[in-house]
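Accompanying notes for the structure given below.
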Protein chains: 2
Amino acid sequence: MPDTILIVDDEPDVVDLLVFNLQKAGYKTSTAREGRTALQKIRDELPALVVLDLMLPGIEGTDICRQLRADPKTAHIPVIMLTAKAEEVDRIVGLELGADDYITKPFSPRELTLRVKTILRRAAGTSMPSETLKHGDLLVDRAKHDVTFKGKSLDLTATEFKLLATLLERRGRVQTRDMLLQDVWGYEGDVDTRTVDTHVRRLREKLGKAGDWIETVRGVGYRFIE
Amino acid sequence: MPDTILIVDDEPDVVDLLVFNLQKAGYKTSTAREGRTALQKIRDELPALVVLDLMLPGIEGTDICRQLRADPKTAHIPVIMLTAKAEEVDRIVGLELGADDYITKPFSPRELTLRVKTILRRAAGTSMPSETLKHGDLLVDRAKHDVTFKGKSLDLTATEFKLLATLLERRGRVQTRDMLLQDVWGYEGDVDTRTVDTHVRRLREKLGKAGDWIETVRGVGYRFIE
DNA sequence: GAGGAATGTGACGAACGTGTGACAGGCTTG
DNA sequence: CAAGCCTGTCACACGTTCGTCACATTCCTC
């Protein structure tokens, strides 16, 4: 799954140029023309990186940067500032605000792409991607150890959580009871295999309507639908 | 303890300029005039960051960068490239080699200092240094080693403070007892995992109503609410 | 549609995990 | 040296969770 990069600029030409080049480099892109929608998209889509024009109609780029840093959910997202002014003052403001880099217009698309790559590589090492599994409205966050369905948090047991995560992680592929016993329970040989069935039942109950995502493959085991 | 920055350049003027400015910014400095000594100093002193001239007598800056990246002990050290040539080709080479940033000569010392700060900040943690952590009316000041809740100062012991700071810093994410033992206790002696429970209890007691911020995730560990 | 096998369902005792109170050793402080 | 605090450990209590069983239901085969 490719990283998504949010591009915030009010000049369509610039946006198109960036979209074209970044997509060619293998990134997904998302765009916003002004500050308010930019902030909303950042919160909703949680992009891997934001390319942010300093001069925007409405909210200034600097303010966006500040608000982005203030929220723990988005504080870790790297920012590259775009600026038409070459003066150092602007650079300082940008960098001290917590921007990770800046580029002055006019810029070479190739250079920007390289900077994006560098920063994302660096970010990949340090921050944890908050390993999260998703299927429709069902969200499983391993770091938070939290499951939500349609925004509502579900109260799962430790084993139930592990079972769900394992099934979801291998969605589409059938897991035999033995496989599950080994990977979820850590068991080796002969345990009553009905144990798995019971936990699947409890899991389905708690998942409610999403419980149907877990299919039983008769004679084999269980599978999370694709 | 200040971070050490290694400056590698064969022009004494440049080196002096950098030393002066970086020391003023609070960093320790170390210098090398050519490639061989540079590599040795990197291995011996393990600097927090390297400022590296691309053009050096003897070994090229690019080679140093490669060798530095090849050794697991030094692979993580950020590198800022200095180059007299402004051509994009050189920039690409530098960035693709694993340099974290570059600056073209002549450069403003102030700008370099800012870049150093940015990169080190990113390398240090995931996000901002965040000397003070906040959640609602709860304030944790790491510098002052002080915790206040609703304006009232709380009297926490060293371990309790560290535990709270660690949990708060990673709010939302569950910390297993082993994780906490490692990060709060340092994992020196093999302490009983129940020790964590006891300290969480004492912490909750002292936090009063804010003690509910610390959730216990059964079968996994503890978590500060988001 | 009958029979058999596999799975869903409900219930229950045991085991487990966590909260709580207490205590002893070690360290600092006066 | 005594007093006090911090810390790690233990034992006990309590609620939750787990694994198992018996029974009901569904599905497949013939």
Side-chain angles (χ1 to χ4, degrees), chain A residues 145-147 153-167 174-225, chain B residues 145-147 153-167 174-225:
Chain A
H145 213 270
D146 180 56
V147 179
S153 182
L154 300 180
D155 190 33
L156 296 193
T157 282
T159 18
E160 285 161 2
F161 184 89
K162 218 167 176 180
L163 175 62
L164 175 60
T166 305
L167 285 171
V174 180
Q175 303 298 309
T176 68
R177 290 177 175 73
D178 286 335
M179 287 163 98
L180 290 172
L181 278 173
Q182 191 167 329
D183 296 340
V184 178
W185 278 262
Y187 284 178
E188 287 297 322
D190 36 28
V191 198
D192 189 355
T193 51
R194 298 309 309 280
T195 297
V196 178
D197 299 38
T198 305
H199 276 87
V200 168
R201 170 171 56 100
R202 289 170 181 155
L203 186 53
R204 278 175 174 156
E205 250 175 39
K206 293 193 179 175
L207 286 181
K209 208 181 154 197
D212 297 340
W213 298 154
I214 302 175
E215 297 176 324
T216 121
V217 182
R218 201 180 174 80
V220 189
Y222 296 93
R223 166 178 60 193
F224 202 101
I225 64 164
Chain B
H145 216 270
D146 179 57
V147 180
S153 182
L154 299 180
D155 190 33
L156 298 192
T157 70
T159 332
E160 286 159 4
F161 184 86
K162 217 166 176 181
L163 176 61
L164 176 60
T166 305
L167 285 171
V174 176
Q175 304 300 118
T176 66
R177 291 178 175 71
D178 285 333
M179 287 162 104
L180 290 171
L181 279 175
Q182 189 163 334
D183 296 340
V184 177
W185 277 261
Y187 221 52
E188 327 156 11
D190 34 14
V191 273
D192 192 342
T193 52
R194 295 308 309 280
T195 298
V196 177
D197 299 38
T198 304
H199 280 267
V200 167
R201 170 171 55 102
R202 289 169 183 157
L203 185 54
R204 278 176 174 155
E205 257 173 33
K206 292 193 180 175
L207 287 180
K209 208 181 156 199
D212 297 340
W213 298 154
I214 302 176
E215 297 176 323
T216 122
V217 182
R218 199 183 174 81
V220 189
Y222 294 95
R223 165 178 61 190
F224 201 102
I225 65 163

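Everything quoted here is computed from the prediction, not taken from an experiment.
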A:Ser153 side chain to A:Asp146 side chain, donor-acceptor N/O pair below 3.5 angstrom: yes
A:Thr176 side, atom OG1; A:Leu181 side, atom CG - distance, nearest 0.5 Å: 8.5 Å
Value in whole Å for how far the P atom of C:dT9 lies from NZ of A:Lys206: 15 Å
Nearest to side-chain heavy atoms of A:Arg194, which nucleotide of C:dT18, C:dT9, D:dT26: C:dT9
Short side-chain N/O contact from B:Thr157 to OP1 or OP2 of D:dT7, under 4.0 Å: yes
Options D:dC10, D:dT7, C:dG19, nucleotide nearest the side-chain atoms of B:Asp197: C:dG19
A:Arg204 side chain near A:Thr216 side chain, heavy-atom distance below 4.5 Å: yes
Result of checking B:His199, B:Lys206, B:Arg202 against B:Glu160 for side-chain hydrogen bond (donor to acceptor under 3.5 Å, both in side chains): B:Lys206
Touch class at under 4.0 angstrom, heavy-atom based, for B:Arg204 against every strand present: sugar-phosphate
Separation of C:dT7 C1' from A:Ile214 CD1 (nearest whole Å): 14 Å
B:Leu203 CG - C:dT18 C1' separation (whole Å): 16 Å
base_contact_polar (D:dG8 base, B:Arg202 side chain, donor-acceptor, <3.5 Å): yes
Contact under 4.0 Å: B:Trp185 side-chain N or O vs D:dG8 OP1/OP2: yes
Side chain to side chain contact (heavy atoms under 4.5 Å, CB included) between A:Val196 and A:Tyr222, worked out: CA-CA 9 Å; A:Val196 178; A:Tyr222 296 93; 4.1 Å; yes
d(CZ, A:Arg177; P, C:dA6) in whole Å: 10 Å
Separation of C:dT18 C1' from B:Arg223 CZ (nearest whole Å): 16 Å
Donor-acceptor pair under 3.5 Å, A:Arg201 side chain vs C:dG10 base: yes
Touch class at under 4.0 angstrom, heavy-atom based, for B:Thr159 against every strand present: sugar-phosphate
d(NZ, A:Lys162; P, D:dG19) in whole Å: 11 Å
Phosphate OP1/OP2 of C:dG17: any B:Tyr222 side-chain N/O under 4.0 Å: no
B:Arg218 or B:Leu156, whichever maps to the more 5' nucleotide of DNA chain D: B:Leu156
Sugar-phosphate, base or nothing in reach of B:Thr195, heavy atoms under 4.0 Å: base
Rounded interatomic separation in angstrom, taking CG from A:Asp155 and P from D:dT16: 11 Å
Gap between atoms CD and P, on B:Glu215 and C:dT18 respectively (whole Å): 14 Å
